[in-house]
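Just so you know, ligand 1 is whichever comes first in the structure, and atom 1 is the first atom listed for that ligand. Because the structure is predicted, anything quoted here is derived from the model rather than measured.
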Amino acid sequence: MLLSDPITTIPLVGKSYANRLKKLDIETIEDLLHHYPFRYEDFSVKKKLNELIAGETVTVTATVLEIKNIYTRGGKRLTFATVADETGQLEVVWFNQPYITNTVKKNDSINLSGRLGEFSKKPTFVSPEYEKLGASSTIHTGRLVPVYPETRGVTSKWLRSRINAAIQPFNHLAIDEIEFLPNEIREQQDLIDLKSATNQIHFPEDMDQVEEARKRLGFDEFFLMQLQALKRRQEWQKRPLARKFKVQSSKFKIDAFVNSLPFELTDAQKRAVDEILKDLEKDVPMNRLLEGDVGSGKTVVAAVAIYAAHLNGLQSAIMAPTEILAEQHFRTISELLKPLGVSVALRTGARKSSILNPQFSILIGTHALLFDSVEFKNLGLVIIDEQHRFGVEQRAKLLKKTGDDTVPHLLTMTATPIPRSLALTAYGDLDISVLDEMPPGRKEVITWVVPNHKRQAAYNWIREQIKDDAQAFVICPLIEESEAETMQTVKAATVEFERLSKKVFPDLKLALLHGRIKSREKNEILADFKNGKYDILVSTQVVEVGIDVPTATLMIIEGGDRFGLASLHQLRGRVGRSTRQSYCLLFTESRSRKAHNRLKAMEELNDGFKLAEIDLKMRGPGEIYGVKQHGLMRLKIASLSDVKLIETTRNEAKGLLEEDPNLKHHLALKEKLTRMSGELVEPN
Ligand code: ADP
Ligand code: MG
């Protein structure tokens, strides 16, 4: 047997079961063995029939005196049995499982695990787990019995029996054939071997064994994730750099540029600039993530890097997820760098007909940058804004614009706060610069959660504010939380727009914005809103990225409970850009206390990182960072809140790769990583 063998090599697992198991991400024997129980039924207490107490969960061993199916007039199917041991007799009943009589026959010796209850006023074992006694030890009764995550047509009982079938040949493998953790690490971290851990997690003798197994298997989860991240990093750094920068010789000009800015960089920005310039000077390609709340000033930092490229005679590219955002970058970068003689070009879908002057220093655009017609002479730096909105292929395609198999320096930017636990795992291959400080003078946005019964009062207050020259965004609820705007979402926004214009604010001027509106029209609407032609802009979350309307000081979010805190925080960042106090009103119709508490955090906190940590704790990584991303969802045992384990595994993984960078002396581990590489590892 090989661990990588398909699941169908296990007896009684055919095609249809294989299909069902796919839903549980089980395709190989190894996958099956890594399908861990989420709890255990304690059937370990054994009693004689005359010792039974009603309600107590026990296992009895008895002989079947009689067993039969009865069909009631109501269409119910009952299975009745009478069993006996040397101390007495007992009635047993099961509901709607007539097939039991196919396996359990008169005179059979069986185990029954369950509780003594009552049926037809008689003491009866009701729906116990049953298991015929044979040559091998029991798995469904008389012990700690594993309960598994199930799916349609795949019960825990079935999983238990097939895992048991797979574990027999598994146990015939030598420990060395199974183990992939180096002995030194196992000893250092006091971990049991993988063979024992696998047996103990499925069929433990006691809960101590479960704990030992969980410790080992949880360690594996992070350790392997760390190795993958570090390998990704290794592989990126091995790629030949397209063009080397000489930063030192242009340092003078770069300093002059920074000094000429109308403001002083924050300390965080200065740090980020230093880190980036240091990276640019190296022989290995940069892969750095610049992370900072909306308004923390990422663009200026990017501009410094672009200017450094320009001074080296090299081209840069910025790719942004939306046209609005690309155009905004274009304006900002032009303002900053054109006076210094940097030629700035824009390329979005809407403008693809225009001819590109190949002399540009920086090309800014949407995914339109990926078109074959877009060529670079000497691409030295690629910047991707909100990278998680692009696919892996799109990113790879942009990197290929160097024209050969070399790679440019890569800077990615995100306003999504990444908690430390994630930075150290899923994003472990990146260097990260954090802008954890806002430019001075920003007023915090005052946030209120508005329950349904205060809706009218809130609308009155909003009207007063607008009469006093404020402008408002109204963000419509998400139908489903996903990055993409759905047709349903667009419809919801349209309906809300109608309702607000006709019923709530007939005296005010409203406009509607969503992703299905043509981009020219969209820009017009935005420009008009900016010029004060509208009081209220009703929109889907498309405004989340990048629009800058300083006069808008009210942010109203419908269905606030349906957004993640990080998204809410980003949306809120759209206001608070003027000297006037800004407000964010979070409407919610949810009555759930949990949802309410989560939203309350928005009233209290203004720190994107803290909010992201709360989101991570309350909703898990899938909700925030995309379900499939980085195999985070594959964490079955280890917890992202276990920062200590994350650090330990990271250090062990680092130490190991320093000693043996290609894992030449750790072939089992190397093979394990290869087997895993099909399943996850999106490069960051
Ligand atoms: P981000 O992209 O991180 O959301 P931007 O780069 O768009 O933020 O910057 C937001 C605004 O803050 C811009 O108008 C920018 O000119 C301004 N800004 C950036 N850095 C500073 C600073 N250190 N001091 C004052 N204003 C700044
Ligand atoms: Mg920005």
Side-chain angles (χ1 to χ4, degrees), residues 254-255 257-276 288-307 316 318-340 344 346 362 364 366 383-389 411-418 432-445 473 526 530 541-553 555 566-580 582 584 606-609 611-612:
I254 293 171
D255 286 345
F257 165 59
V258 170
N259 289 329
S260 74
L261 291 170
F263 44 74
E264 194 185 343
L265 293 185
T266 62
D267 287 343
Q269 284 172 314
K270 286 180 192 161
R271 228 172 11 229
V273 164
D274 278 350
E275 286 164 348
I276 291 168
R288 184 171 288 277
L289 173 67
L290 177 61
E291 182 194 358
D293 263 8
V294 175
S296 59
K298 296 184 288 294
T299 320
V300 191
V301 175
V304 176
I306 293 163
Y307 188 47
S316 310
I318 300 184
M319 185 162 74
T322 65
E323 264 169 46
I324 294 175
L325 193 55
E327 279 166 15
Q328 196 163 292
H329 279 314
F330 176 69
R331 278 194 302 276
T332 314
I333 300 281
S334 299
E335 232 166 80
L336 289 167
L337 295 179
K338 260 197 175 150
L340 302 169
V344 187
L346 177 67
I362 164 78
I364 298 163
T366 55
I383 299 172
I384 305 181
D385 198 8
E386 300 297 335
Q387 157 145 305
H388 61 278
R389 299 205 173 202
L411 178 68
T412 49
M413 304 199 289
T414 182
T416 307
I418 300 169
I432 301 185
S433 295
V434 185
L435 300 185
D436 52 3
E437 182 184 1
M438 284 300 213
R442 288 275 159 74
K443 277 201 185 150
E444 290 201 347
V445 179
F473 291 108
L526 274 172
K530 235 174 161 161
Q541 75 275 27
V542 291
V543 298
E544 182 180 332
V545 273
I547 74 171
D548 202 357
V549 186
T551 51
T553 51
M555 170 61 68
S567 301
L568 289 175
H569 183 65
Q570 279 183 346
L571 285 167
R572 173 168 70 178
R574 296 288 126 222
V575 296
R577 301 188 154 213
S578 76
T579 47
R580 184 176 170 145
S582 290
C584 174
N606 237 300
D607 180 331
F609 281 96
L611 290 168

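Residues passing the salt bridge (Lys or Arg N to Asp or Glu O under 4.0 Å) test with R288 are E275, D279, sequence neighbours excluded. Remark: E264 pairs with K270 by the salt bridge (Lys or Arg N to Asp or Glu O under 4.0 Å) rule, at least two apart or across chains.
Residue-to-ligand polar distances place G295 within reach of ligand 1: an N/O pair is separated by less than 3.5 Å. Residue contacts with ligand 1: G297 is placed with a nitrogen or oxygen under 3.5 Å of a nitrogen or oxygen of the ligand (distance criterion only).
Heavy-atom separations between A415 and ligand 1 are all 4.0 Å or longer.
Across all their heavy atoms, A326 and I364 have their closest contact at O-CG2, 3.4 Å.
Set against the non-hydrogen atoms of E264, the atoms of ligand 1 under 4.0 Å away are 22 (C), 23 (N), 24 (N). Per-residue contacts place S296 under 4.0 angstrom from the following atoms of ligand 1 (heavy atoms of the residue considered): 3 (O), 8 (O). For ligand 1, the atoms lying closer than 4.0 Å to a non-hydrogen atom of L265 are 23 (N). Taking every non-hydrogen atom of D293 and a distance limit under 4.0 Å, the qualifying atoms of ligand 1 come out as 3 (O). Proximity to T266 (heavy-atom distance under 4.0 Å) selects the following atoms of ligand 1: 23 (N).
For the atom pair Q570 CD and T414 OG1, the distance stands at 6.5 Å (nearest 0.5 Å).
Under the 4.0 Å criterion applied to side-chain N and carboxylate O atoms, R271 and D436 are assigned as salt-bridge partners.
No side-chain heavy atom of F473 sits under 4.5 Å from any side-chain heavy atom of L571.
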